[in-house]
Every structure is written in structure tokens, then in C-alpha cells.
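What follows is a short report on a single structure.
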Amino acid sequence: MEELGVAVVGFGWMGRVHTRAYARLPHHYPGLPLRPRLIAVAEEVPGRAEEAAGQFGFATATRDWREVAADPRVRAVSVTAPNFLHRRIGVAMAEAGKHLWIEKPVGLSAGDARAVADAVARAGVQGAVGFNYRNAPAVEKARDLIAAGGIGAVTHVRIRLFSDYAAHPETALTWRYERERGGSGVLGDLASHGADLARFLLGDITALTADTAVFVPERARPTGATAGHTRAGGAERGPVENEDYVGCLLRFASGARGVLEACRVSVGEQNAYGFEVHGTSGAVFWDFRRMNELAVSRGTSFQDQPVSTVYVGPGDGEFAAFQPGAANAMGYDDLKVIEAHRFLRSIAEGTPYGATLADAVRGAVVLDAMAESAASGNWVHLQADWPTPLASRPFRSNS
């Protein structure tokens, strides 16, 4: 069993999730030839890195991520810092020869994601991206069902990502709501997962048109360090610079159509993430809040065809690493353990497993196209090799 020195850069909520995932790997994947050792944690908020080291056992705590890049003990790094730092830190870590597990959306644009992907390729290191929802065994089962023709030819899909984490008017005006540091709003935060799920399930997107909106135009400026979605009632207020909502129509290379919606201010919705995929002879439905279930309709009756609930179990995705039998529950953190395993397996075998930087680039191109379409009011067409969105132009159906 070889030890692999790992570090975490950025220790908000997601930094904790990555750290817990590393710690749990030996329990769920005892055959993995690499065992992570927590070497360093970097966080610029005073005292937070030291607190993390004390709680989780990191050997070193620092406020400067550059010290992590220079540390020869560190061979792999999780980047869970704010979006505007992704490109700078990701490129630096790759150039320092560190394997990289970085959270989506990998920067503020497709250009940022490409820069990190190129640095990883030049350095010959492995790169993984935090598209965790594709790791759910039920999602992988749905993908297999679709690919095998289990619901016939796919006709249309609806993907939704609704949350209320920013619905309260006193939610603090953190970096997430600023163009310079957060880039897009719900596009990068939630719609990035939707774009990845769309591609993961149905393949390449060839054209789209989108609309965005800001529903809470002002928020309170925080007076100190924040983590997650804290409130700052009574403080000075400032403008929200990026979108609360996006709605998008999609066309896939297969000919299927799609609808993708994401909103961070949906009162009454808590992590309402999921999809509905319809085909010529059936359908499959998934809701993250019932993560270990699929609703499936299959048969030859077409009209009035029933829907059955299917519980995932051993043999579906990575379920067997966590539970011994169908209908035993898995949770969100388990998806990140799967992600960590695939990252370290990639390092051990020199072959990518799971979501890669190439997936991040493709997803970012879709997000940039959504922003372009929302600004222009036109359909945006995407080239098959995904270099950049083509110029916006009115859409003409070929059907």
C-alpha cells in the first residue's frame, strides 16, 4: 500500500467534503493501491486552516496555497477555493506536477477551464472534476438503460436544478454574486451540473437558446469571513451581478430535444435536482432527493403504460462499495467518496476514470453558449469538436 500525499486548497464546506472523502477511502475501497495522507491544508481566512488541521489531522496548515504547490510531500491537490481562483491555482498545481481534483465549474469561463485542462495535459498528471451527481448509482443505471435502448430512441429530456439557498433576501452578498469573482451565478453553480448530466446521459449538445433573470437584485454585504450561504441582515447592501435563474432549450446530436432549468431562489424547493428522459417506448425518472431510486416505464403498450420504482443495489455503479443490498440508502458525501476513488485510481493506473477536465471544458462551453444566447436572444450552435460556440444566429429547424 503506497501513501499518496494530498492537500486541500480552500476549506469551506466543499473542502471539508473532499477531506472526509479522502479519509473514508480505505474503508470503502480497501483494494485501492494508494492510501491518501493528509499533508497540507490552505485557507486564507485567518485560523481556518489551523482549525482544519486540528480536526482532520493535516500535517501542515497555511494561508498561502503557493506553499502547497512548492511542497514536495504533496502529490495530489483538491482545489475547492472560490471560482475566480480556479484557473490560477489549478494551472500552478499542474505545473508543479500535482495531480488535480478541482471543483466545477473550473473557473469563470470555458477559457479558464481550457487553461487548466491544457496545463494538466502538458504536465502529464491526472485531472478530475467535481461533477458528483453523475456518480449516483441510479444515474449510472439510467445511462446504461438509455444506451441499451431500454426506453427506445430518446425523444426529449427535462433536467431541473432548483434550490432555495439564496431565496432569503438577507443572504450575504458573497463572491458568488459578483461577476469578477463568481463569474456566472446559477449557471456555474447548478446549471453546470445540469449540462454535465445532459451530456452524460444523452451525448453532445449541438444547439441551445437560453433566458436568464435576477429575482433578488440586492443583498447585504458581509462584515467578516463567510462560509456557505450565510446571512448578513442589516448591513450595507450591494447589487447582485449574476443570474438567479436560467431556462434553456437544448438540441442534441442524436436529434433529441431538451429543457434545462436551474434556480437558486426557488422558495419551497430544497435540492430539487433530477431528470426525466422520454423515449419512443418508455421513460426513466430520477430525483436526487430519492437518490437510490429510479422510476422506469418500459413495455409495448405506449398509452397508459405503468411506471415502476426500481431500487439500485450491488451491480449498479459503485453501490456495492457502500451497501450490501438494494434499497439501503446512500447519501451526498458517498458520491464524493466515489469521486475520490476514481481520482486516485486514475493516478494509480495512469488512465482517467470519472469526470475529467475535458468534461469540464465541454460543460463550460455549454454554459458560455447559454450566457451568449441570453444576451443576444438567439440560438447558439455548437461545433461537434467543441472549440468555441459558433456565432449566434437565428435557429432554423432541420425537421
Side-chain angles (χ1 to χ4, degrees), residues 8-18 43-45 48 65 78-90 102-110 112-113 116 129-133 161-196 210 212-233 235-246 260-267 269-273 332 360 363-364 366-368 370-371 374:
V8 177
V9 176
F11 211 77
W13 170 69
M14 187 54 71
R16 292 176 178 272
V17 174
H18 277 232
E43 169 58 62
E44 66 177 11
V45 175
R48 190 177 285 175
W65 59 264
S78 283
V79 176
T80 55
N83 297 352
F84 71 100
L85 295 171
H86 284 186
R87 178 172 181 165
R88 187 188 318 169
I89 297 175
I102 187 168
E103 274 304 314
K104 56 81 201 168
V106 191
L108 306 182
S109 66
D112 284 354
V116 178
V129 181
F131 290 127
N132 42 266
Y133 298 109
L161 297 108
F162 295 154
S163 183
D164 63 355
Y165 69 78
H168 199 288
E170 300 302 329
T171 300
L173 187 70
T174 64
W175 60 268
R176 295 180 183 277
Y177 304 96
E178 300 175 2
R179 283 286 178 194
E180 184 176 352
R181 296 194 296 164
S184 60
V186 79
L187 276 175
D189 192 18
L190 296 181
S192 57
H193 284 299
D196 182 68
T212 61
V214 177
F215 296 134
V216 183
E218 289 187 342
R219 297 187 181 277
R221 298 186 187 278
T223 56
T226 62
H229 307 290
T230 56
R231 296 178 188 172
E236 176 189 355
R237 305 188 73 79
V240 171
E241 298 173 352
N242 50 33
E243 73 287 338
D244 291 325
Y245 168 86
V246 61
L260 190 159
E261 275 191 293
C263 185
R264 63 189 180 187
V265 297
S266 297
V267 175
E269 299 278 15
Q270 297 86 38
N271 299 322
Y273 310 151
Y332 176 90
V366 172
L367 299 184
D368 281 3
M370 289 182 190

Which atom pair, heavy atoms only, marks the closest approach of Arg219 to Ala166?
NH2-O, 2.7 Å
Stepwise side-chain contact (heavy atoms from CB on, under 4.5 Å) test for Tyr177 and Thr171
CA-CA 10 Å; Tyr177 304 96; Thr171 300; 3.5 Å; yes
Search all heavy atoms of Gly10 against all heavy atoms of Val8 and return the closest pair with its distance.
O-CG1, 3.6 Å
Scanning both residues in full, the closest heavy-atom pair of Arg181 with Leu108 reads O-CD2, 3.6 Å
Where is the tightest heavy-atom contact between Leu190 and Ser163, given as atom of each residue plus distance?
CD1-CB, 4.2 Å
Donor-acceptor pair, side chain of Glu243 and main chain of Val186, under 3.5 angstrom:
yes
Arg176 side-chain N/O to Asp189 backbone N/O, donor-acceptor pair under 3.5 Å:
no
Side chains of His86 and Pro105: does their closest heavy-atom pair fall under 4.5 Å?
yes
Answer yes if the ring centres of Trp13 and Tyr165 are under 6.0 angstrom apart, and no otherwise.
no
Carboxylate-amine/guanidinium proximity below 4.0 Å for Arg264 and Asp164:
no
To the nearest 0.5 Å, what is the distance between CH2 (Trp175) and CZ (Phe84)?
8.0 Å
Are Tyr332 and Asn132 close enough that some pair of their side-chain heavy atoms sits under 4.5 Å apart?
yes
For the backbone of Ile102 and the side chain of Thr80, can you confirm whether one donor and one acceptor N or O come within less than 3.5 Å of each other?
no
From Met370 CE over to Thr212 OG1, what is the distance, rounded to the nearest 0.5 angstrom?
11.0 Å
Would you name the heavy atoms of Glu178 and Glu241 that are closest together and state the gap between them?
CA-OE1, 3.4 Å
Does Asp112 reach the side chain of Val106, with side-chain heavy atoms less than 4.5 Å apart?
no
Specify the closest pair of heavy atoms between Ile89 and Ala81, including all atoms of both residues, with the distance to one decimal.
CD1-CB, 4.1 Å
Within a radius of less than 6.0 Å around CD of Glu261, do more than 12 heavy atoms belonging to other residues, nucleotides or ligands occur?
yes
Are the side chains of Arg88 and Leu85 in contact, using a 4.5 Å heavy-atom criterion?
yes
Whether the side chain of Asn242 engages the backbone of Gly183 through a donor-acceptor N/O pair (distance < 3.5 Å, no angle test) should be reported.
yes
Glu43 side chain to Phe11 main-chain N or O, any donor-acceptor pair under 3.5 Å?
yes
When rounded to the nearest 0.5 angstrom, what is the spacing between NZ in Lys104 and CG in Asn83?
7.0 Å
To the nearest 0.5 Å, what is the distance between OG (Ser78) and CE (Met14)?
10.5 Å
Plane angle bin for Tyr245 and Phe215 - parallel if under 30°, tilted between 30 and 60°, otherwise perpendicular
tilted
Does Asp244 reach the main-chain N or O of Val216 with its side chain, forming a donor-acceptor pair under 3.5 Å?
yes
Could you state the interatomic distance from CZ (Arg237) to CD (Glu218), rounded to the nearest 0.5 Å?
6.0 Å
